[in-house]
Amino acid sequence: MPKGQAPTDVTLETAIKLLSLPREVGMHPSENELIVANIGRFGPYIKMGNLYVNLPGADDVHEIQMNRAVALIEEKKAGGAKGRFGRAPAPPIKELGESPVTGKPIRVLNGRYGPYITDGETNANTPKDKKPEDIEVDEALSLLAARLEAGGGKKKKKAPAKKAAAPKKEAAPKKAVAKTAKKPAAKKAPAKKAAKKA
């Protein structure tokens, strides 16, 4: 390639599309705020006010329309799409109803280390000899209770202990400095010159 020539990987059409960003999608119908589509450090996103929503891979920043943008914003506000780069968390394997202990839903989820049960505060592994989708509420509650007894609940943050005030050091009594009264050296009287005899 001759020196100074730009690479031809980017087509003119793509370059024009990139230069058209950020793109105004339109005003949110109920919030009355402008929705803007753009590409940032972590990929394509839409923005409304101070709210940013990363676009999933299926959505194109140049093509996204108002209905889809509003749906993504509402999902983000509702707590969805919390995963990195806007990926929605995996759906639960099974919903078992509300926990009588925590008041939160009991769910069987697929985690990093395999399926587990959670009531929003305590997590318990599913039995290895049973399919996660076959777990019933009573079994889930007993597994969660056993896990809680074993110390598996969320640890409550302890308030930082106040440091006891260090005892003040008593000032050491000042040693009496013995004053040695030094008498100033007596000045010798100048010797009288003997009067010269006339």
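Values below: every heavy atom of this structure, side chains too, minus hydrogens, waters and symmetry copies.
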Compare every heavy atom of Leu21 with every heavy atom of Ala37, then report the nearest pair and how far apart it is.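 In this case the closest contact between Ala37 and Leu21 is O-CD2, 3.9 Å.
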
Least distance between heavy atoms, Ile117 atom then Leu144 atom: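 Looks like O-CD2, 3.7 Å.
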
Counterpart residues, side chain to side chain donor-acceptor pair (under 3.5 Å), relative to Glu33 (two or more places apart):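 Counting only residues at least two positions away or on another chain, Glu33 forms no side chain to side chain donor-acceptor pair (under 3.5 Å).
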
Taking distance alone, no hydrogens or angles, what donor-acceptor pairs closer than 3.5 Å link side-chain atoms of residues 91-98 to residues at least two apart or in another chain?
from  : atom 1 : to     : atom 2 : distance (Å)
Lys94 : NZ     : Glu133 : O      : 3.0
Lys94 : NZ     : Ile135 : O      : 2.9
Lys94 : NZ     : Glu136 : OE2    : 3.4

Measure the spacing between [atom1] of [X] and [atom2] of [Y] and express it to the nearest 0.5 Å.
X	Y	atom1	atom2	result
Ile46	Leu72	CD1	CG	5.0 Å
Thr122	Glu149	OG1	CD	11.0 Å
Leu148	Asn123	CG	CG	11.0 Å
Lys47	Asn54	NZ	CG	13.5 Å

Salt bridge (charged side-chain N to carboxylate O under 4.0 Å, His left out) partners of Lys131, counting only residues at least two apart: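 Partners of Lys131 by the salt bridge (charged side-chain N to carboxylate O under 4.0 Å, His left out) criterion come out as none, since no residue qualifies.
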
Tell me, please, which residues at least two apart from [X] pass side-chain contact (heavy atoms from CB on, under 4.5 Å).
X	answer
Pro29	Met66, Val70
Thr102	Ser99, Lys104, Asp119, Glu121
Leu34	Glu24, Met27, Val36

Mind checking whether [X] and [Y] have side chains closer than 4.5 Å, heavy atoms only?
X	Y	answer
Pro127	Leu143	yes
Ile106	Thr118	no
Pro100	Leu141	yes
Ser30	His28	yes

Can you check whether Val61's main-chain N or O pairs, donor with acceptor, with Arg23's side chain at less than 3.5 Å?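 Answer holds: yes.
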
Linking Ile, Leu, Val, Met, Phe, Trp and Tyr by side-chain heavy atoms under 4.5 Å, what else ends up with Tyr52?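 ILVMFWY cluster around Tyr52 also holds Tyr45.
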
Should Arg68 and Glu63 count as an ion pair when the cut-off is N to O under 4.0 Å?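 So Arg68 does not pair with Glu63 through a salt bridge.
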
Can you check side-chain contact (heavy atoms from CB on, under 4.5 Å) on Met48 and Lys76, steps first, answer last? CA-CA 11 Å; Met48 183 185 76; Lys76 175 80 178 238; over 6 Å; no

